[in-house]
S.K.: 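Below you will find the structure I want to go over with you.
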Amino acid sequence: AKTAHSQRGYCVFDASMHTAAHNRLLLESDLRRALEREEFHLLYQPIFSLITGQLAGFEALLRWQHPERGLLSPLDFVGVCEETGLILPVGEWVLQQACQQLQRWCQLSSAAQQLTLSVNVSTRQFSQTTQLLSTIASILQAFDLRPGQLKLEITESAIMDNLNSAEQLLKALRAYKLSISLDDFGTGYSSLSYLHQFAIDELKIDRAFTARLDAADSSRTIVSAIIALAQALSLTVVAEGIETVSQRQWLSANGCQLGQGYGLSYPLDATQALELIQKTTTSRFS
Ligand code: C2E
Ligand code: MG
Ligand code: MG
Ligand code: MG
């Protein structure tokens with residue numbers, strides 16, 4: 001295969017690059033139709049109190065049932081959505097779908113009133129905060145929900161990519177009483193200075209750290225430091241990717257308030273989630 005950029009400055013595509021570019025275009029055109037064809041749905045992964053074992057809320061996770069390629073994870077297509085701007089209509093669909101679902105749960109079970117729903121917000125959505133805020137405001141109103149029931153999960157890179165405006169953006173979201181959760185914490189650029197500068201409510205410890213808790217002292221040191229930092233700044237801490245009882249017990253003993261992971265529950269469909277809500281006062285860990 002030839003290199004992509006020749007010394008004369010023109011681009012030579014080889015067969016594999018052609019296939020990759022072709023697949024990318026196919027994915028993009030499929031994505032453009034996915035919304036109207038109703039090929040997206042959400043799953044809801046429970047988040048539990050590590051102190052009481054009770055259900056605290058859910059994180060909405062996007063899925064795409066592709067007609068030929070089967071069920072796709074957001075990791076397969078969110079990047080293309082972001083590049084093409086499709087993330088704006090898709091992200092709006094996610095917010096409206098998630099809020100509509102929370103309203104249904106609240107109608108069917110009073111226990112759902114106390115739960116939070118976390119929604120992932122991409123860098124591009126976050127950069128359009130005025131639009132994001134008005135979208136959220138009208139969706140919350142339409143489904144009769146309080147802003148405090150919704151948590152927006154953003155990544156460190158969403159902040160760093162919007163560094164000049166991030167402070168104002170986060171203030172606007174805070175003023176509206178939405179909770180802001182910093183997703184995949186510890187994997188990004190990690191400029192600790194923004195943590196107290198910006199209006200953030202929660203840190204989500206990336207599952208890479210959780211996964212190493214059982215094996216590596218260094219991981220326990222890092223996670224302890226993240227929890228101490230969060231406590232000093234009065235932030236809630238959530239651990240992602242809890243798979244084992246020992247991970248859960250270590251996190252709980254070391255002051256991590258909330259947790260999520262396959263060891264507690266896989267992502268659920270809306271009906272399974274409702275069944276869990278109806279048993280919400282029972283502990284997951286007994
Ligand atoms: P995330 O926000 O960090 O979500 C957690 C991911 O970890 C989910 O993958 C979840 O299924 C997975 N997970 C949960 N517990 C465990 C565990 O114990 N072990 C392991 N190995 N994995 C676990 P998923 O659903 O494939 O989502 C991947 C990423 O896609 C998410 O990472 C999030 O960044 C993004 N995403 C998901 N839904 C949306 C959405 O609606 N909008 C946007 N913009 N991004 C989304
Ligand atoms: Mg997330
Ligand atoms: Mg995460
Ligand atoms: Mg993660």
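Both counts, for ligands and for their atoms, begin at 1 and track the order of listing.
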S.K.: Hydrogens and angles aside, do Thr52 and Ser49 bring a side-chain donor and acceptor to less than 3.5 Å of each other?
M.R.: yes
S.K.: List every atom of ligand 1 that sits less than 4.0 Å from any heavy atom of Leu75, numbering the atoms from 1 in the order shown and giving each element.
M.R.: 28 (C), 29 (C)
S.K.: If you have a sec, read the angle at the Mg ion (ligand 2) from Glu153 atom OE1 over to Glu59 atom OE2, to 10 degrees.
M.R.: 90°
S.K.: Any idea which of Ala60, Pro74, Ser181 brings a heavy atom closest to atom 30 (O) of ligand 1?
M.R.: Pro74
S.K.: Are side-chain N/O atoms of Glu202 and Ser181 paired as donor and acceptor at under 3.5 Å?
M.R.: yes
S.K.: Please classify the Asp183 to ligand 1 contact at 4.0 Å (heavy-atom distances, strictly less than): side chain, backbone, both or neither.
M.R.: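 Only the side chain of Asp183 comes within reach of ligand 1.
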S.K.: The Mg ion (ligand 2) and Asn120: any N/O/S contact shorter than 2.8 Å?
M.R.: yes
S.K.: For Ser122, counting its heavy atoms only, list the atoms of ligand 1 lying under 4.0 Å from any of them.
M.R.: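 Listed by number with element, the hits are 44 (N).
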S.K.: Mind checking who shares a hydrophobic cluster with Tyr266, ILVMFWY linked at side-chain heavy-atom distances under 4.5 Å?
M.R.: Tyr262
S.K.: From the options Leu61, Ile87, Asn120, Asp206, select the one whose nearest heavy atom is closest to atom 45 (N) of ligand 1.
M.R.: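 Closest candidate by heavy-atom distance is Asn120.
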S.K.: For residues Gln260 and Glu240, is any side-chain donor paired with an opposing acceptor at under 3.5 Å?
M.R.: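 Side chains of Gln260 and Glu240: no pair found under 3.5 Å.
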S.K.: Quick one: does ligand 1 sit under 4.0 Å from the side chain of Gln260, the backbone, both or neither, non-hydrogen atoms only?
M.R.: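 Neither; nothing of Gln260 gets under 4.0 Å from ligand 1.
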S.K.: Between Arg32 and Glu28, does at least one N-O distance fall below 4.0 Å, as a salt bridge requires?
M.R.: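 Yes, Arg32 and Glu28 are salt-bridged.
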S.K.: Relative to the heavy atoms of Gly241, which atoms of ligand 1 are at a distance of less than 4.0 Å?
M.R.: 16 (C), 17 (C), 18 (O)
S.K.: Just to be sure I read this right, does ligand 1 sit under 4.0 Å from the backbone of Asp184, its side chain, both, or neither, counting only heavy atoms?
M.R.: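 Under 4.0 Å from ligand 1, Asp184 contributes side-chain atoms alone.
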S.K.: Is Lys204 touching ligand 1 with its side chain, its backbone, both, or neither, if touching means heavy atoms under 4.0 Å apart?
M.R.: neither
S.K.: Side-chain donor-acceptor pair under 3.5 Å between Thr155 and Asp184, yes or no?
M.R.: no
S.K.: Linking directly or through intermediates, with side-chain heavy atoms under 4.5 Å: list the remaining ILVMFWY members grouped with Val238, chain and number order.
M.R.: Ile47, Leu258
S.K.: Can an N, O or S atom be found in Asp183 less than 2.8 Å away from the Mg ion (ligand 2)?
M.R.: yes
S.K.: If you count the atoms of ligand 1 from 1 in the order shown, which ones are under 4.0 Å from a heavy atom of Ser73?
M.R.: 26 (O)
S.K.: For a side chain to side chain contact (heavy atoms under 4.5 Å, CB included) with Leu150, tell me which candidate from Leu145, Thr116, Leu140, Leu102 qualifies.
M.R.: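 Exactly one option meets the side chain to side chain contact (heavy atoms under 4.5 Å, CB included) with Leu150, and it is Leu140.
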S.K.: Under a heavy-atom criterion of less than 4.0 Å, does Glu82 contact ligand 1?
M.R.: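 Outside the 4.0 Å threshold, so no.
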S.K.: Should the pair Arg24-Glu83 be classified as a salt bridge under the 4.0 Å nitrogen-to-oxygen rule?
M.R.: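 So Arg24 pairs with Glu83 through a salt bridge.
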S.K.: Determine, step by step, whether Lys151 and Asp201 satisfy the salt bridge (Lys or Arg N to Asp or Glu O under 4.0 Å) criterion, reporting the C-alpha distance in whole Å, the side-chain angles of both residues, the deciding distance to 0.1 Å, and the verdict.
M.R.: CA-CA 9 Å; Lys151 287 187 184 180; Asp201 305 284; over 6 Å; no
S.K.: Less than 3.5 Å between some nitrogen or oxygen of Leu62 and one of ligand 1, yes or no?
M.R.: yes
S.K.: Hey, mind stepping through Glu82 and Ser122 against side chain to side chain donor-acceptor pair (under 3.5 Å) and telling me if it holds?
M.R.: CA-CA 7 Å; Glu82 180 85 355; Ser122 79; 2.7 Å; yes
S.K.: With respect to the Mg ion (ligand 2), please indicate if Asp184 possesses an N, O or S atom at a distance under 2.8 Å.
M.R.: no
S.K.: Please check whether Gln125 reaches ligand 1 - meaning an N/O of the residue sits under 3.5 Å from an N/O of the ligand, judged on distance alone.
M.R.: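 The answer is no, given that Gln125 and ligand 1 share no N or O pair closer than 3.5 Å.
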S.K.: Would you mind running through ligand 1 and noting each atom that sits below 4.0 Å from a heavy atom of Gln45?
M.R.: 14 (C), 15 (N)
S.K.: Phe40 ring centre to Arg63 NZ or CZ under 6.0 Å, with the angle to the axis within 45°?
M.R.: no
S.K.: Any idea which part of Glu240 is under 4.0 Å from ligand 1, heavy-atom wise: side chain, backbone, both or neither?
M.R.: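 Side chain only.
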